[in-house]
Amino acid sequence: MRIQIQLSVAGQSVKQDVLEIAEQKLGELTDEEIESAIEIKIRTWVDQMIQVEWEVVDSD
């Protein structure tokens, strides 16, 4: 199974990718379990792609 994914920031696409899940891994899963597996795959991809850095520049 191939899943096309697009990451957008402020409405602008910044990254596109295609994720793959081997069909044999989905085997006997229900539709809900397949959807859950897809969501986990996407969350893992997002965790690898996004990094947020911050620092305090003015403190009152």
Side-chain angles (χ1 to χ4, degrees):
M1 173 182 288
R2 293 168 54 99
I3 305 146
Q4 185 167 350
I5 186 168
Q6 177 176 304
L7 175 65
S8 297
V9 175
Q12 292 200 328
S13 176
V14 294
K15 178 78 174 165
Q16 294 181 353
D17 207 347
V18 175
L19 306 179
E20 294 190 37
I21 300 176
E23 292 289 336
Q24 65 266 26
K25 287 188 176 182
L26 301 177
E28 311 253 339
L29 298 179
T30 66
D31 288 347
E32 292 83 19
E33 291 169 329
I34 291 172
E35 185 175 328
S36 207
I38 291 169
E39 289 173 355
I40 290 168
K41 186 85 170 173
I42 291 170
R43 270 188 256 124
T44 300
W45 180 87
V46 169
D47 287 345
Q48 293 171 349
M49 292 296 121
I50 295 178
Q51 178 180 356
V52 176
E53 296 179 9
W54 62 273
E55 68 179 81
V56 175
V57 294
D58 187 15
S59 179
D60 292 334

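Along the sequence shown, residues are numbered consecutively beginning with 1. Note: hydrogens, waters and symmetry copies are ignored here, and every other heavy atom, side chains too, is used.
- Taken together through direct or relayed side-chain contacts under 4.5 Å among Ile, Leu, Val, Met, Phe, Trp and Tyr, I3 and L7 form part of one hydrophobic cluster.
- Environment of CD in Q4: sparse, with no more than 12 heavy atoms of neighbouring residues, nucleotides or ligands closer than 6.0 Å.
- Counting heavy atoms of neighbouring residues, nucleotides and ligands inside a 6.0 Å radius, atom CZ of R2 does not exceed 12 of them.
- Going from atom CD of E33 over to atom CD1 of I38 covers 12.5 Å, rounded to the nearest 0.5 Å.
- Atom CD of E23 and atom CD1 of I21 lie 9.0 Å apart (nearest 0.5 Å).
- Scored by the side chain to side chain contact (heavy atoms under 4.5 Å, CB included) test, A22 finds Q24, K25 as partners (sequence neighbours excluded).
- A search for side chain to side chain contact (heavy atoms under 4.5 Å, CB included) contacts involving I5 returns D17, L19, I42, W45, not counting sequence neighbours.
- Between S8 and S13, the shortest heavy-atom contact is OG-CA, 3.7 Å.
- In this structure, the side chain to side chain contact (heavy atoms under 4.5 Å, CB included) partners of E35, at least two apart in sequence or on a different chain, are E39.
- Of the possible donor and acceptor atoms, one in the side chain of T44 sits under 3.5 Å from a partner among the backbone N and O of I40.
- At a threshold of 4.5 Å between side-chain heavy atoms, the hydrophobic network of Ile, Leu, Val, Met, Phe, Trp and Tyr places M49 and V9 in one connected group.
- Each of W54 and V57 belongs to its own hydrophobic cluster when Ile, Leu, Val, Met, Phe, Trp and Tyr are linked at side-chain heavy-atom distances under 4.5 angstrom.
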